[in-house]
A.B. asks: 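Have a look at this one before I ask anything.
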Amino acid sequence: MLENLLTPAAVALENRCAKLVSILFAGGVAVTFAERLAASRLYADSGLMSWRVLSFDRARNGVLFRHTVLSQSLFGGKGARASYWAGLAGVVLVLLSPARSYSFTAGMLPIVLSCVLAHLRTTYAGDGAQQMSLIVGVALLLGFNPWVTPAAGAVCLLFIAAQSALSYLASGVAKLISPIWMRGDALVRILATTAFGCELGFRLASISPRFTRMLCQVTVIVEVLFPFLLFGPRWMMIAFFVWGFTFHLANAFLMGLNTFLWAFLSTYPALYFAWCSFHSWAR
Amino acid sequence: MFFNNLGLSGLFILAFLGGWFLISIPNQLTNRFGAWVNRINPYGFVPKWTFFAPVPGTYNYRLIFRDLLADGLAQPWEEVDWCPGRRWIHALWHPRRLTTKLIMDSINGLAEVLILMVKEGMDVERNPQGLILSTPYVLLLNLVMSLPLQSPSSIAREFAVFQQDPFADRQASVEFARMGKLVLCSSAHELRRQSSPQVSEEMRA
């Protein structure tokens, strides 16, 4: 059954999917790194996210953080900026290189290291897009370098697909057990806030409370059913992808969650690969 | 044949990614399994995908501060404009999101610290050290203390956090945003002498 993943057609599909994943992933991390460089005064010694303050949270976390000079050079303002510039250089290499090439791997390495350092630095100000980017980045680095076989690449794409499916399922189930989501009030209430809402979104949600409540409940149902796209017919998979793109695009415009669009869309080619794999096994 | 093709490096990748995925599953739960993963996950490498659920963020948080002067008087409370409005460009480019998220995480973290302290029977008002030494409090304090002095004779600063329900305010058709419920009012923190402001004026409302 798994041998179907090693046929020439499957390997060609794997490479195409990996390239698409890497393009969307690179776009997302490019925006992330550029935003962090634009906000780099946050990481300065007098900034809100200076290592002088954040190290307070990491003091008990291990040898790396107790070594003052090393941790300052890695996580201080200069270190943070250097890692983001290195990440941007990596993005250029990844976009210009085919998967499994030395240059692709050379590009992925600084991107993944930068993502890892961001996690080590602090979890404050992090979000789901950052989490997904790390997952996709590590999978691409491990599965599409010159030293591993196509079977490893298949494992990595299936891992990305599994994490993506888990993300929608977990998010959906958490909403399913939430009275505010199932009542249909969550959307309008979130859009009323200044941090994650907007005036336009609130007004649109308020035009027809019944429609908004239905939208809430449909979001929950689609998220819970999302993983099942892997087992359904092609039209169902396409419908889920269209819903997902629309959902994340709306979140980008109404809630300012711009990087989520890139991070989660980057998993869709891997989901497609998983769908094709499952359906070739099912035959 | 598939596993033969994987080779040793591929088997390591399979074990590593498989383990990463398996431990991600209990991290979505709010029971003792989720709490256990949370304890061994200080860097957030194990993802948590439950965004805005089961309890979505439906409150606004207002952050205000005032300086205390050498003569014992206090300046008027001033609000920190940490959450500017949404613009269409934020769908593509949103660096300010970092500051907003940092402050939201700090305020939510503060609430968690308070809940934990009350749960462990600590009197927060009489023994505030546990709160003052917590990372969320330090982050908020760092923000507030980095704002320009309200007066040349300012010697200390205190801040407060209010929780406001914007949806309820709109439903009640109030003409101005009410301050809402007080979450925290800090004690006075001594100001260091600073020759120039460390954070730009844009954060002052």
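Each chain gets a letter, A, B and so on, in the order the sequences are listed, and its residues count up from 1.
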A.B. asks: If you count the non-hydrogen atoms of other residues, nucleotides and ligands that lie under 6.0 Å from CD1 in B/Ile40, is the total more than 12?
C.D. replies: yes
A.B. asks: How many angstroms lie between OG1 in B/Thr135 and CZ in A/Arg58, if you round to the nearest 0.5 Å?
C.D. replies: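 Here the interatomic distance stands at 9.0 Å.
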A.B. asks: Could you measure the distance from the CG atom of A/Leu254 to the NE2 atom of B/His90? Nearest 0.5 Å is fine.
C.D. replies: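 Rounded to the nearest 0.5 Å, the CG-NE2 separation comes to 13.0 Å.
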A.B. asks: Under 4.5 Å, counting heavy-atom pairs only, tell me which of A/Leu120, A/Val148, A/Val31, A/Leu249 racks up the most with chain B.
C.D. replies: A/Leu120
A.B. asks: So which heavy atom on B/Ala53 is nearest to which on A/Ser171, and how close?
C.D. replies: CB-O, 4.4 Å
A.B. asks: Taking side chain as everything from C-beta outward and backbone as N, CA, C, O, which of these in A/Leu142 sits under 4.5 Å from a heavy atom of chain B? Side chain, backbone, both or neither.
C.D. replies: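 Both parts, backbone and side chain.
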A.B. asks: Of the backbone (N, CA, C, O) and the side chain (C-beta and beyond), which part of A/Cys156 lies under 4.5 Å from a heavy atom of chain B, both, or neither?
C.D. replies: both
A.B. asks: Quick check for you: among B/Met1, B/Gln28, B/Arg97, which has the greatest number of heavy-atom pairs under 4.5 Å with chain A?
C.D. replies: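 Among the listed options, the one with the most contacts to chain A is B/Arg97.
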A.B. asks: Check each atom of B/Thr30 against the heavy atoms of chain A and say whether the ones under 4.5 Å are side chain, backbone, both or neither.
C.D. replies: neither
A.B. asks: Which atom pair, heavy atoms only, marks the closest approach of B/Phe21 to A/Ala162?
C.D. replies: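 That would be CE1-O, 3.4 Å.
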A.B. asks: Please determine which of A/Asp57, A/Leu54, A/Thr122 meets the side-chain contact (heavy atoms from CB on, under 4.5 Å) test together with B/Leu139.
C.D. replies: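 Checked A/Asp57, A/Leu54, A/Thr122 against B/Leu139; only one passes side-chain contact (heavy atoms from CB on, under 4.5 Å): A/Leu54.
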A.B. asks: Counting heavy atoms not belonging to A/Phe56, are there more than 12 under 6.0 Å from its CZ?
C.D. replies: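 Enclosed: over 12 neighbouring heavy atoms sit under 6.0 Å from CZ of A/Phe56.
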A.B. asks: Taking A/Ser50, A/Ala186, A/Gly126 one by one, which has the highest count of heavy-atom pairs under 4.5 Å against chain B?
C.D. replies: A/Gly126
A.B. asks: Please classify the contact of B/Leu92 with chain A as side chain, backbone, both or neither, using a heavy-atom distance under 4.5 Å.
C.D. replies: backbone
A.B. asks: Below 4.5 Å, heavy atoms only, C-beta onward: do A/Val116 and B/Tyr43 meet side chain to side chain?
C.D. replies: no
A.B. asks: Got B/Leu98 and A/Tyr43 here, is their nearest side-chain heavy-atom distance under 4.5 Å?
C.D. replies: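 Heavy-atom side-chain distance check passes, below 4.5 Å.
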A.B. asks: Do A/Arg189 and B/Pro56 touch side chain to side chain, with heavy atoms closer than 4.5 Å?
C.D. replies: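 They are not in contact (no side-chain heavy atoms under 4.5 Å apart), so the answer is no.
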A.B. asks: Pick from B/Phe51, B/Phe52, B/Tyr59: which one makes a ring-ring contact (aromatic ring centres under 6.0 Å, His included) with A/Phe196?
C.D. replies: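 Of the listed options, the one satisfying the test is B/Phe52.
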A.B. asks: Would you say B/Gln129 has more than 12 foreign heavy atoms packed within less than 6.0 Å of its CD?
C.D. replies: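 Atom CD in B/Gln129 is packed in, count exceeds 12.
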A.B. asks: If you count heavy-atom pairs under 4.5 Å between each of B/Tyr61, B/Trp93, B/Phe3, B/Phe12 and chain A, which one has the most?
C.D. replies: B/Trp93
A.B. asks: What pair of heavy atoms forms the shortest contact from A/Ile190 to B/Gly57, and how long is it?
C.D. replies: CG1-O, 3.8 Å
A.B. asks: If I measure from the heavy atoms of chain B, does A/Arg121 come under 4.5 Å with its side chain, its backbone, both, or neither?
C.D. replies: neither
A.B. asks: Below 4.5 Å, heavy-atom pairs only: which of A/Ala170, A/Ala39, A/Ser167 has the largest tally toward chain B?
C.D. replies: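 The option with the most such pairs is A/Ser167.
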A.B. asks: Of all of A/Ala38, A/Ala125, A/Gly143, A/Ser178, which one pairs up most often with chain B through heavy atoms under 4.5 Å apart?
C.D. replies: A/Ala125
A.B. asks: Measure the shortest side-chain to side-chain distance between B/Asn60 and A/Thr193 over non-hydrogen atoms and say whether it is less than 4.5 angstrom.
C.D. replies: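 Yes, side chains in contact.
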A.B. asks: Counting N and O atoms only, with roles assigned by atom type, does the side chain of B/Arg86 sit under 3.5 Å from a partner on the main chain of A/Glu199, one being a donor and the other an acceptor?
C.D. replies: no
A.B. asks: Could you tell me if the side chain of B/Trp20 sits less than 4.5 Å from the side chain of A/Ile135, heavy atoms only?
C.D. replies: yes
A.B. asks: When heavy-atom pairs shorter than 4.5 Å are enumerated against chain B, which of A/Thr194, A/Asp127, A/Leu257, A/Leu261 gives the highest number?
C.D. replies: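 Among the listed options, the one with the most contacts to chain B is A/Thr194.
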A.B. asks: Looking at B/Asn108, B/Asn5, B/Thr50, which makes the most heavy-atom pairs under 4.5 Å with chain A?
C.D. replies: B/Asn5
A.B. asks: With a 4.5 angstrom heavy-atom cut-off, could you sort out which part of A/Trp147 is near chain B: side chain, backbone, both or neither?
C.D. replies: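 A/Trp147 touches chain B through backbone heavy atoms alone.
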A.B. asks: Which one, A/Ile177, A/Val138, A/Asp185, leads in non-hydrogen pairs under 4.5 Å with chain B?
C.D. replies: A/Val138
A.B. asks: Select, from B/Cys83, B/Gly10, B/Ser9, the one with the greatest count of heavy-atom pairs under 4.5 Å involving chain A.
C.D. replies: B/Cys83
A.B. asks: At a 4.5 Å cut-off on heavy atoms, which part of A/Pro179 comes close to chain B: side chain, backbone, both, or neither?
C.D. replies: neither
A.B. asks: Roughly how far, to the nearest 0.5 Å, is CZ of B/Phe2 from CG of A/Asn4?
C.D. replies: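 With rounding to 0.5 Å, CG (A/Asn4) is 11.0 Å from CZ (B/Phe2).
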A.B. asks: Taking side chain as everything from C-beta outward and backbone as N, CA, C, O, which of these in A/Ile180 sits under 4.5 Å from a heavy atom of chain B? Side chain, backbone, both or neither.
C.D. replies: side chain
A.B. asks: Please report the closest heavy-atom contact between A/Leu166 and B/Ser24, naming both atoms and the distance.
C.D. replies: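 Closest approach of A/Leu166 to B/Ser24, heavy atoms only: CD2-CB, 3.8 Å.
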A.B. asks: Need one label for A/Tyr168: side chain, backbone, both or neither, based on atoms under 4.5 Å from any heavy atom in chain B.
C.D. replies: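 Answer is neither: A/Tyr168 stays 4.5 Å or more from chain B.
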A.B. asks: For A/Ala34, is it the side chain, the backbone, both, or neither that has a heavy atom closer than 4.5 Å to a heavy atom of chain B?
C.D. replies: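 Both parts, heavy atoms under 4.5 Å.
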A.B. asks: What option among B/Leu133, B/Ile25, B/Leu141 has the most heavy-atom pairs under 4.5 Å with chain A?
C.D. replies: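 Winner by heavy-atom pair count: B/Leu133.
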